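Every value quoted in this text rests on a predicted model; they were computed, and no experiment measured them.
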Amino acid sequence: MQHFYNSSAQGTHWRLMQASVGSKSSSSGPFCDVGESGSNCSTAVPGSGHNSEDVDVVAATTVDELLAMQKFDRIDLLKIDAGGEEVAALSGAIASIAGGRVGVLAFACGGQGAWKHGQLGEVVARLDELGYTCYLAGQETQHGSLARLTGCWRPSYETQHRSTAVCVPRGHLLYPHTERMSLRYGLHEQVYFKQLQAAPAQQSEAAAAAGGKELDSQQKLSAGQPEGVHQAVTAGMSGQPIDPGSDADVHLPPLVDDGGSQVAEQVAETSQLDLWAANPEATSFTAPSSRCTLHPNSTVQLAAPPLNTSAGVPFLFDIASMPSRNASCAHCPAREPAAMPPCCGVCVFAKRKCVDFYPGKNVSERVAKHLVDSGNDLENLSPCELFARIRGRTLWLAGDSQMWNFYYALECFLREFAPSLQRTPPLLDPQENRKLVTVWAPVPYPAICLDLALGTRVCVVRVDAIWHLKHTVIPRLQAHTPHFREDLFVFNFGLHYPLPAMAAVQTGNSFLARGLRELAAWRKARLADLPAFIWVDTAPQHFNTSDGTYPGGKQPFACVPLQAWHSGKPTALAGGRYNLAAAPIVPNISDAHLHIWNGSAPLWRSHWPGECSHWCHPGPYQLWLFLLNDLLQRQSLGSPVEVPGRSAVQQTQAQHRILLRSL
C-alpha cells in the first residue's frame, strides 16, 4: 500500500510504504503482535505467553532492495526505529549508504536488542569510513544539543538508555549546522571529557560480561570492524545511573568546575606546522607571520590588536611578510623555460606585483586603503579562518586567466599552512594530469595545486570552454580525486565567450547563455556526485569603451574608469552584459554566487601596464578572497568557523558600504 502526500512544502512529495526491513530478505521475517495492543513488530521470537493467533509473520526485505524496487536513486532522510533491531536494518541498507544514495541517517539506539551488546561504537566507526559524522541527540543546553560521536568516541556512549543517533555526510549542506549544534562546538573536547572520565563508571554485570565479547557475524554491519567491543555502561554524562524506565533522550549537561564556572583547560600551542599537524585536536597553531591562532574547536583568535603591518596594510596585502623569491623558488631551476605554470612560485605572482610594475606609487597600498576606508574589514581576515573553512577539502578554481590570477592570490594567502612551497599536480597519474590540459596557446596550462596541512589543498585548472568543463575536467577529477563530492569548486570563463549583444541578453540567446543552460542540465543529472559549485562574476574591464570591454587591437591600451558604472547606468550596475546574460541561469549552475563585479569596478588604476583586463598583485584578486571567505560563511559552505567579534552580517554590511561609497 502506498500513500502520496503533497500538502507540505511546494514540490515536496511523501511516499509511505508498509514494509518490514532487516539485514536480508526472508519469507519468515518479523513477528508482529496484532492483538489488542496494536501492531508492534520485532525480529525477536515471541515468548511463551503469546497466543499464536495474536502473532503474524511478515515477509522481510532490506532497505537496499526496497529502494531498488521503488526506483529511488537517492533518499534525503533514512530514519530507523526497529525496537532494538536497528543494526540489522542498517546492515540491509549498507550498499545504499556506501553508494552515496542516502542523505541524513537517523536511528534509535541503546537499551534494546543488539545494542545491549555495545554495538554503537562499531556502527559509528563504520559510518565514519563511509563519510558520515554521527551525533547522539540530547536535550538542549547552553552549549548545544548534539554530542559528537565520530572522532570523540568514549565507551560511556554505549548507553543502556534508549536514544537517537543522527549521522550526516560530511559533504552534506546540513553538516556545518549539525557541527554548530554539537557540544564540541561550544566546549573543547578535552574539557568535555574531563569530568566524564573522572566520574565513576557504574557498569552492570551484563555490560561487563559483554566487554570484549565477539558479536555474532549477522549482527555486524560489515567485515573489517575495529577489534574488540566497547563496554556498555549505565552511567549518564554526569556519572549518575540512568533511569531504565525513562523515555527521554540522554541529557548532556555543561561541564563546570567546583566553583560552578565553566572549565577552561589549557592546550598546547605551537607555531611549527608539523608539530600542530601531528595532533591538531589537542594543539593550537599560531601562524608565524599573520599571528592568527587556530584552536582545536575551529575557533580563530586574531592578533590583538588586529594585525596591521609596518607598511600600514592588512596582512592580505602585506608584501613585506611574503616569502622572498629565493625562499619560494629554491626547488626550481635557475633559468626556467617559458612555460605555465612557472615553477617559481608561491607569492611571486608570475612577476606581476604592483610594486614591480609601478615602483614608488604604492598601488597595492592605495587599493587596500580604498577598501578599508569603505568599511571593509580586511584587517580581520586571517589565513587561519579561510584554512579552517576548507580544512580536509580541495578548493578548486577553474576557468580562464582571471581565475588563474585568483589562484595566485589564494595560494599566497594560505602559505603558512603549506608544509612546502613546491607546487604539485592534482592527480597521481601523470597521464591523467596531461589529459586535464585544455588550453594550449600560447603555452600549455597544466593544472597545479599547493598542498596544505591535514589533507587540504588549493588547486587551479585552466579551462576556457563549458564543453571542456563538462566532458574533460569534471569527469577526470571525479574519477581520480577521492572525496571530490566534499570539495568546493569555484569557476568562471565568461570573457572567453563573445560579448553578448543586448538583444541576445534580453532573449537569453547569447552563446554564453546557451552554454550555461547546457551546463545546468548536465549538472542537474549529476547533482548527487558533484561538489558545491560557486560561480564567480565575469570581471569588469577598463578599456576606453562605453562599457569597458575589450575593443580589439593590440597593446598598449590606456585604462580608464568604467564611466557607465560611475554614472549609474543600469546595465553596468547589474554587472555588464556578460553577467546579465548569465544571471537567470546562475542558480541552476551553482550552489552560491560570488559577486566580485561591484567591488572590482572602481579599481581601474591597478591593471597591468598597457592592459586593462588583469590586475597586479596584491590588488583586486585579494579582495575576491575576502569576498569568497564571506560567501562561504554566509552560505554555510565548507566547515563552520568562529571568529569572535566578527559576523557575517557585519561583513555583508561592509560590502554594501563599499558599493555605496564607490557610487
request  = Determine, step by step, whether Asp537 and His593 satisfy the side chain to side chain donor-acceptor pair (under 3.5 Å) criterion, reporting the C-alpha distance in whole Å, the side-chain angles of both residues, the deciding distance to 0.1 Å, and the verdict.
outcome  = CA-CA 8 Å; Asp537 280 346; His593 185 179; 2.6 Å; yes

request  = List the steps and the verdict of side-chain contact (heavy atoms from CB on, under 4.5 Å) for Asp487 and Thr481.
outcome  = CA-CA 10 Å; Asp487 292 344; Thr481 305; 4.0 Å; yes

query = Checking side-chain contact (heavy atoms from CB on, under 4.5 Å) for the pair Ile94/Leu130: CA distance, chi angles, key distance, verdict?
reply = CA-CA 9 Å; Ile94 199 67; Leu130 299 177; 3.7 Å; yes

message = What verdict does the side-chain contact (heavy atoms from CB on, under 4.5 Å) test give for Leu477 and Val473, after you've listed the backbone C-alpha separation in whole Å, the side-chain angles of each residue and the deciding distance to 0.1 Å?
response = CA-CA 6 Å; Leu477 296 182; Val473 173; 3.9 Å; yes

task = Please lay out, stage by stage, how Ile534 and Leu631 fare under the test side-chain contact (heavy atoms from CB on, under 4.5 Å).
result = CA-CA 9 Å; Ile534 300 173; Leu631 180 69; 3.7 Å; yes

key: Verdict with supporting geometry, Arg457 and Thr424, side chain to side chain donor-acceptor pair (under 3.5 Å)   = CA-CA 10 Å; Arg457 298 189 301 173; Thr424 60; 5.6 Å; no

ask   = How far apart are the C-alpha atoms of Arg170 and Thr133, what are their side-chain angles, what is the distance that settles it, and do they pass the side chain to side chain donor-acceptor pair (under 3.5 Å) test?
value = CA-CA 6 Å; Arg170 287 185 280 274; Thr133 294; 3.0 Å; yes

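Taking 4.5 Å as the limit, every side-chain heavy atom of Phe72 sits out of range of all side-chain heavy atoms of Leu66. A 4.5 Å side-chain heavy-atom check between Val458 and Thr394 finds every atom pair outside the cut-off. Contact annotation: the side chain of Ile474 never approaches that of Lys470 to less than 4.5 Å [non-hydrogen atoms, C-beta and beyond]. Inter-residue side-chain proximity for Arg391 and Pro280 is flagged as met; some heavy-atom pair is nearer than 4.5 Å. Here the side chains of Met403 and Asn492 are in contact, with some heavy-atom distance below 4.5 Å. Residues Leu469 and Phe493 form a side-chain contact, since some pair of their non-hydrogen atoms from C-beta on lies under 4.5 Å apart. Leu173 places none of its side-chain heavy atoms less than 4.5 Å from the side chain of Gln635. Two residues are said to be in side-chain contact when any heavy atoms from C-beta on lie closer than 4.5 Å; Leu136 and Leu146 fail this criterion.
Distance check, rounded to the nearest 0.5 Å: CG of Asp429 to CG of Asn433 gives 7.5 Å. In this structure, CZ in Arg148 is found 6.0 Å from OG1 in Thr150, a value given to the nearest 0.5 Å. Interatomic distance, CD of Glu85 versus CD1 of Ile80, reported as 12.0 Å (0.5 Å rounding). Put simply, CG on Leu427 and CD on Glu432 are 7.0 Å apart, with the number rounded to the nearest 0.5 Å. Going from atom CH2 of Trp522 over to atom CG of Leu527 covers 10.5 Å, rounded to the nearest 0.5 Å. Here the CG-CG distance, from Leu149 to Asp128, works out to 11.0 Å after rounding to the nearest 0.5 Å.
Nearest heavy-atom pair across Thr538 and Gly494 is OG1-CA, 3.6 Å. The minimum heavy-atom distance between Pro176 and Ser636, with the atom names listed, is CG-O, 3.3 Å. In terms of heavy atoms, Asp529 sits closest to Arg485 at O-CG, 3.2 Å. Of all heavy-atom pairs between Ala581 and Ala513, the closest is O-CB, 4.0 Å. Between Ala453 and Ala277, the closest heavy-atom pair is CB-CB, 4.5 Å. Taking each heavy atom of Thr62 and Gly92 in turn, the nearest pair found is CB-O, 3.4 Å.
For the pair Asp76 and Arg74, the salt-bridge criterion is met [side-chain N within less than 4.0 Å of a carboxylate O]. Looking at Arg126 and Glu122, no side-chain N of the basic residue comes within less than 4.0 Å of a carboxylate O on the acidic one, giving no salt bridge. Salt bridge annotation for Arg389-Glu642: absent, with no cationic side-chain nitrogen under 4.0 angstrom from a carboxylate oxygen.
For Asp451, the salt bridge (Lys or Arg N to Asp or Glu O under 4.0 Å) test picks out no residue, with sequence neighbours left out. For Trp624, the side chain to side chain donor-acceptor pair (under 3.5 Å) criterion is met by Ser600, not counting sequence neighbours.
A side-chain N or O of Thr178 and one of Tyr135 form a donor-acceptor pair less than 3.5 Å apart. With no hydrogens or angles considered, a side-chain donor-acceptor pair links Thr299 and Asn297 at under 3.5 Å.
In this structure, the side chain of Asp81 does not engage the main chain of Ala108 through any donor-acceptor pair within 3.5 Å. Glu129 places no side-chain N or O within donor-acceptor distance of the main-chain N or O of Leu127, the cut-off being under 3.5 Å. Proximity of a side-chain donor or acceptor of Arg393 to a complementary backbone N or O of Gly171 within less than 3.5 Å is not detected. Remark: the backbone N or O of Thr61 is not paired with any side-chain donor or acceptor of Glu65 at under 3.5 angstrom. In terms of modelled atom types and a separation under 3.5 Å, the side chain of Ser91 and the main chain of Val87 share no donor-acceptor contact. Without hydrogens or angle criteria, Arg523 side chain to Asn588 main chain gives a donor-acceptor distance under 3.5 Å.
Between Trp115 and Phe107, the ring planes are parallel. Angles under 30° get that label, and only those over 60° would be called perpendicular. Ring geometry, Phe489 versus Trp396: the interplanar angle falls from 30° to 60°, so the pair is classed tilted.
Environment of NE2 in His177: crowded, with over 12 heavy atoms of neighbouring residues, nucleotides or ligands closer than 6.0 Å. In the displayed structure, Leu77 atom CG is contacted under 6.0 Å by more than 12 heavy atoms of other residues, nucleotides or ligands.
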